[in-house]
Amino acid sequence: MKYEKIQAPKGVSEYAPPLSAAFEWVRESLIAPAKLAGYQLMELPVFEDTSLFSRGVGESTDVVSKEMYTFEDRGGRSITLRPEGTAGVMRAVIEKGLDRGQLPVKVWYSGAFFRAERPQAGRYRQFYQVGIEAIGLDDPAIDAEVIAIADQGFKSLGLKNYRLEITSLGDAQSRAAHRVDLLKFISKLDLDEATATRAAINPLRLFDDKRPEMKAAMAGAPLLLDYLSEESAENFKAVKGYLDQLGIQYIVNPRMVRGLDYYTGTTFEFIHEGLGAQSGIGGGGRYDGLMEILGGQALSGIGFGLGVDRALLAAQAEGVLVENQFSSDLFIIPLGESQKSASLTIAAKLRGAGIRTEIAFGDRALKGAMKAADKSGSRFVIVLGDSELASGSVELKRMSDGSTRSVKIDQLQSVLFEDI
RNA sequence: GUGGGCGUAGCUCAGCUGGUAGAGCACUCGGUUGUGGUCCGAGAUGUCGCGGGUUCGAGCCCCGUCGCUCACCCCA
C-alpha cells in the first residue's frame, strides 16, 4: 500500500535545516535591539475575533477586504488568523489593563502571520514578523527611537542595500484639511468602480496605486505633507532632527501610503532592492485612534513590523548570512549494546555540564560511524568498546589533526572544558 | 482574482525528428581484525505531477487538471 504524499499548504514559508539556523539568527537579531531598549515580550494568539481586524485595520484595506483567513469556529464565532500584529497587541493591552499602568507600554512580539494572497518571491500566506509597540506617549523622540531600533536590527544583520522612507500623515486636523482638497482633486478623475470605492473610504489610498495611468493622474494631487498643522509639522521636524542626530539616513516620501488604515503622524518603511518585486522589509508608524476604536483609552502609540522572511532573503541577496550549523564538541561511538547504554549515561552527564555531545546510534560499522562523526563537524571523538569500558579510559581524538590522547572517562568533562 | 515560465531519482539536471530513463552530487556497503577526510569498487532509489486523447508505441505531441515559481494587484 502506497500512500500519497501530503504537501505543505500553498504559499507557506517554512525553514528546515540547514536554513532554519539562519532564520533563527535573523529573527533573534532583528528583535535584539528592542529587548536592549526595554521592550518586553507579548505572546499572543494567532487567531482573533474577526472584528478586531475589520475594525482595527480598516475595511478599505486589501488586507481586510480580500486577504484574511476567516472561518467560523465550532461555537459559530467568526475567527480570523492574524494578518498583522498591532491590532492584537492593542486588544491585549486593553484587556490586561496595561494602559492603566505606567506609560509608555513597551512590548515586542514575534511570530507567524497570515494573508491569503497569491504567493510570490518574499510573499507568503504564512509569514513571520517581529515587531514592537510603544503605547501612550506622544513624543517625537520615541518615534525616532522606534525607527532607530528597527534600523539597528537590519544593521546588525549586516544589511546595507536598504533605504528608509518616512513621511507624516499628520493629525486629524491636518488630514481633514487635506482630505477636502484631495477629494476635490479626485472628483475630477475618471475612476473605475473598485478604485472609486476605495477612494470613498480612504482617498489617500489612491497614492498607493502602481498603475502608470493612475500614477500619472495622481502626479498633481495635493500632498498631505503640505497640509500639516503647525503641531504636526513641528513633530515631524523633530523626528527628522533626532534621526539626523543618530546618523540614520532617510528619504522623505510624501506619497507613501501604508497598507493599514490606522496610521497617523510619523510613518516609515524600510525598502530593500534585490528581493524581487516585494521590496518592503519592514515598516510602521504612529496610530492615534486605534486604541480608542478598539474600546480602550484614547492613547496614541507607535510601532513597527519587520518581515523575518524578507530580511532573510535580503541577507542572502547581500551575501551576509553567517554559516551557523550545529556541530558538537564530542561524538561518542559505542561498539556494543552495553557500551551504547554506557554512552547514554556519559552523554547525559556531559550535556548537563553544557558540552554538546552526540552519540552514534544504529550499530553501524566503526568506519561508517567515524564518517558520520566527521560529517557532523564534531571536534572530538571517542570510541567506546570492551577495553575502554573495562579500563575506564578512552582515546580522545581531535578531528582537526587526528591526534589522540588517553583520558579517563570521568575526566572527559574537565579535559573537554579546557580544550573547547 | 489575472498572466508568463516550469513539473524526470533525496538534490541539480540531461533525455535528439515519439521506440517503454540516465549523469553528477548525496546516501548505504565494501576495499581483512577497532578509527574520518582522498581514491577505487558495488548497491538502493523513479506509478517521468495527475487524468484523458492521438499513435503499433508517449518523458517527448494534444486537451484538461493539480502543484511549484515569477510577475500584476497589494504588502512584511
Side-chain angles (χ1 to χ4, degrees), chain A residues 2 4-13 16 26-27 30 57 60-67 82-86 110-131 150 154 162 192 194-195 198 205 208-212 214 256-260 269-272 275-284 304-314 331-336 339 360 362 364-388 394-404:
Chain A
K2 174 141 189 195
E4 241 178 81
K5 281 183 193 166
I6 298 172
Q7 292 181 294
K10 186 185 184 75
V12 299
S13 72
V26 169
R27 187 184 59 197
L30 286 179
V57 176
S60 78
T61 63
D62 279 17
V63 168
V64 169
S65 63
K66 55 183 208 192
E67 294 171 1
R82 60 181 182 186
E84 59 96 53
T86 304
S110 168
F113 296 85
F114 308 84
R115 291 183 199 173
E117 305 174 88
R118 284 286 285 269
Q120 184 177 332
R123 190 175 70 188
Y124 310 100
R125 292 185 166 188
Q126 173 172 339
F127 58 98
Y128 294 88
Q129 279 191 11
V130 299
F154 291 128
Y162 68 90
D192 61 83
T195 311
R198 291 211 304 169
R205 204 147 282 293
D208 209 16
D209 205 308
K210 305 287 197 305
R211 290 173 295 182
M214 277 305 299
M256 178 169 74
V257 179
R258 304 279 306 152
L260 312 176
E269 273 180 3
F270 289 88
I271 295 160
H272 194 280
L275 296 191
Q278 307 307 319
S279 53
I281 53 176
F304 63 64
L306 310 182
V308 181
D309 310 277
R310 288 188 187 172
L312 175 58
L313 289 173
F331 204 93
I332 304 175
I333 301 175
L335 291 178
Q339 288 83 359
R364 308 172 78 180
L366 177 58
K367 178 168 174 163
M370 280 302 296
K371 275 194 178 185
D374 184 42
K375 280 173 194 147
S376 81
S378 190
R379 274 185 273 232
F380 294 91
V381 171
I382 59 172
V383 175
L384 207 58
D386 287 332
S387 58
E388 284 82 3
V394 293
E395 291 297 309
L396 181 67
K397 179 168 184 168
R398 186 201 306 273
M399 294 300 273
S400 57
D401 59 6
S403 66
T404 63

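Order of the sequence lines sets the chain letters (A, B, ...), proteins ahead of strands, with each chain counted from 1.
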**Student:** Do the side-chain N or O atoms of Lys371(A) get closer than 4.0 angstrom to the phosphate oxygens (OP1, OP2) of U28(B)?
**Tutor:** no
**Student:** How far, in whole Å, is C50(B) from G34(B) if one measures between their P atoms?
**Tutor:**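 Nearest-Å result for G34(B) against C50(B) at atom P: 46 Å.
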**Student:** In whole angstrom, give me the gap between the C1' atoms of C73(B) and G3(B).
**Tutor:** 12 Å
**Student:** Under 3.5 Å, is there an N or O donor on one side and an acceptor on the other linking the side chain of Arg123(A) and the base of C70(B)?
**Tutor:** no
**Student:** With rounding to the closest Å, how many angstrom separate the P atoms on C60(B) and G64(B)?
**Tutor:** 16 Å
**Student:** Say we look at U12(B) and A26(B): how far apart would their C1' atoms be, to the nearest angstrom?
**Tutor:** 11 Å
**Student:** Of the nucleotides C72(B), G36(B), G34(B), which one has an atom closest to the side chain of Ala277(A)?
**Tutor:**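 Closest nucleotide among those given: C72(B).
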**Student:** How many Å lie between CZ on Arg125(A) and P on C75(B), as a whole number?
**Tutor:**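 Interatomic distance, CZ of Arg125(A) to P of C75(B): 17 Å.
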**Student:** Can you check whether any acceptor in the base of A71(B) is under 3.5 Å from a donor in the side chain of Gln278(A), or vice versa?
**Tutor:** no
**Student:** Output yes when a side-chain donor or acceptor of Arg123(A) lies under 3.5 Å from a complementary backbone atom of Arg118(A), and no otherwise.
**Tutor:**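 Checked: pair present.
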**Student:** Let's test this: given Watson-Crick or G-U wobble pairing with both distances under 3.5 Å, identify the partner of G1(B).
**Tutor:**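 Matched G1(B) with C72(B) under the 3.5 Å cut-off.
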**Student:** Suppose you measure atom C1' in C48(B) against the same atom in A21(B); what distance do you get, rounded to whole Å?
**Tutor:**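 Between the two C1' atoms, the distance is 8 Å.
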**Student:** Looking only at atom C1', what distance separates A14(B) and G46(B), rounded to whole Å?
**Tutor:** 15 Å
**Student:** Taking a pair as Watson-Crick or G-U wobble with both distances under 3.5 Å, which nucleotide is matched to C61(B)?
**Tutor:** G53(B)
**Student:** A76(B) base stacked by Phe127(A)? Criteria: ring centres under 5.5 Å, plane angle under 30°.
**Tutor:**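 Per 5.5 Å and 30° rule: yes, stacked.
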**Student:** Does G41(B) pair with anything, Watson-Crick or G-U wobble, both distances under 3.5 Å, and if so, with which nucleotide?
**Tutor:**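 The answer is C29(B), by the H-bond criterion.
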**Student:** Can you tell me whether the side chain of Glu388(A) and the base of G34(B) have a donor-acceptor pair closer than 3.5 Å?
**Tutor:**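 Side chain to base: pair found, below 3.5 Å.
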**Student:** As a test of reading the structure: which of G31(B), C73(B), U2(B) is closest to the side chain of Lys367(A), going by heavy atoms?
**Tutor:** G31(B)
**Student:** Can you check the distance between G49(B) and U8(B), where both ends of the measurement are the P atom (answer in whole Å)?
**Tutor:** 6 Å
**Student:** Nearest to the side chain of Glu117(A), heavy atoms from C-beta on, is which of A76(B), C73(B), U69(B)?
**Tutor:**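 Looking only at side-chain atoms, Glu117(A) lies closest to A76(B).
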**Student:** Of the nucleotides U28(B), A76(B), C70(B), which has the atom closest to the Ala121(A) side chain?
**Tutor:**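 It is C70(B).
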**Student:** Working to the nearest 0.5 Å, report the span between NZ of Lys367(A) and CD1 of Ile333(A).
**Tutor:**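 If we round to the nearest 0.5 Å, Lys367(A):NZ and Ile333(A):CD1 are 13.0 Å apart.
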**Student:** Classify the side chain of Asp374(A) and the base of G36(B) as holding, or not holding, a donor-acceptor pair under 3.5 Å.
**Tutor:**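 Result: at least one qualifying N/O pair found.
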**Student:** Go through A76(B), C27(B), U35(B) for me and flag the one nearest to the Arg115(A) side chain.
**Tutor:** A76(B)
**Student:** Is there a Watson-Crick or G-U wobble partner for C6(B) with both distances under 3.5 Å, and if so, which one is it?
**Tutor:** G67(B)
**Student:** When rounded to the nearest Å, what value does the distance between P atoms of U20(B) and U28(B) take?
**Tutor:**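 Pairwise P distance, U20(B) against U28(B), rounds to 34 Å.
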**Student:** Establish, yes or no, whether the cationic atom of Arg82(A) lies under 6.0 Å from the six-membered ring centre of Phe113(A) and within 45° of the ring axis.
**Tutor:** yes
**Student:** If you go through the side-chain atoms of Arg364(A), does one of them form a donor-acceptor pair with the base of U28(B) closer than 3.5 Å?
**Tutor:**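 Flag unset: no donor-acceptor pair detected.
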**Student:** For U69(B), does OP1 or OP2 lie under 4.0 Å from any side-chain N or O of Gln120(A)?
**Tutor:** no
**Student:** Map Leu260(A) and Pro9(A) onto RNA chain B by nearest heavy atom, then report which one ends up closer to the 5' terminus.
**Tutor:** Pro9(A)
**Student:** Across all strands, who's sitting opposite G24(B) as a Watson-Crick or G-U wobble pair, both distances under 3.5 Å?
**Tutor:** C11(B)
**Student:** Check whether any side-chain N or O of Asp309(A) sits under 3.5 Å from a backbone N or O of Tyr128(A) as a donor-acceptor pair, and report yes or no.
**Tutor:** yes
**Student:** Spell out, as yes or no, whether a donor-acceptor pair under 3.5 Å connects the side chain of Arg125(A) to the backbone of Glu117(A).
**Tutor:**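 A pair under 3.5 Å: yes.
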**Student:** Between Arg398(A) and Asp401(A), is there a side-chain N and carboxylate O pair less than 4.0 Å apart?
**Tutor:** yes
**Student:** Taking Gln126(A)'s backbone N and O only, do any of them form a donor-acceptor pair with Ser13(A)'s side chain (distance below 3.5 Å, no angle check)?
**Tutor:** yes
**Student:** Does a distance-only test, which skips hydrogens and angles, find a donor-acceptor pair under 3.5 Å between the side chain of Lys397(A) and the base of G36(B)?
**Tutor:**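 Answer is yes: a donor-acceptor pair is held.
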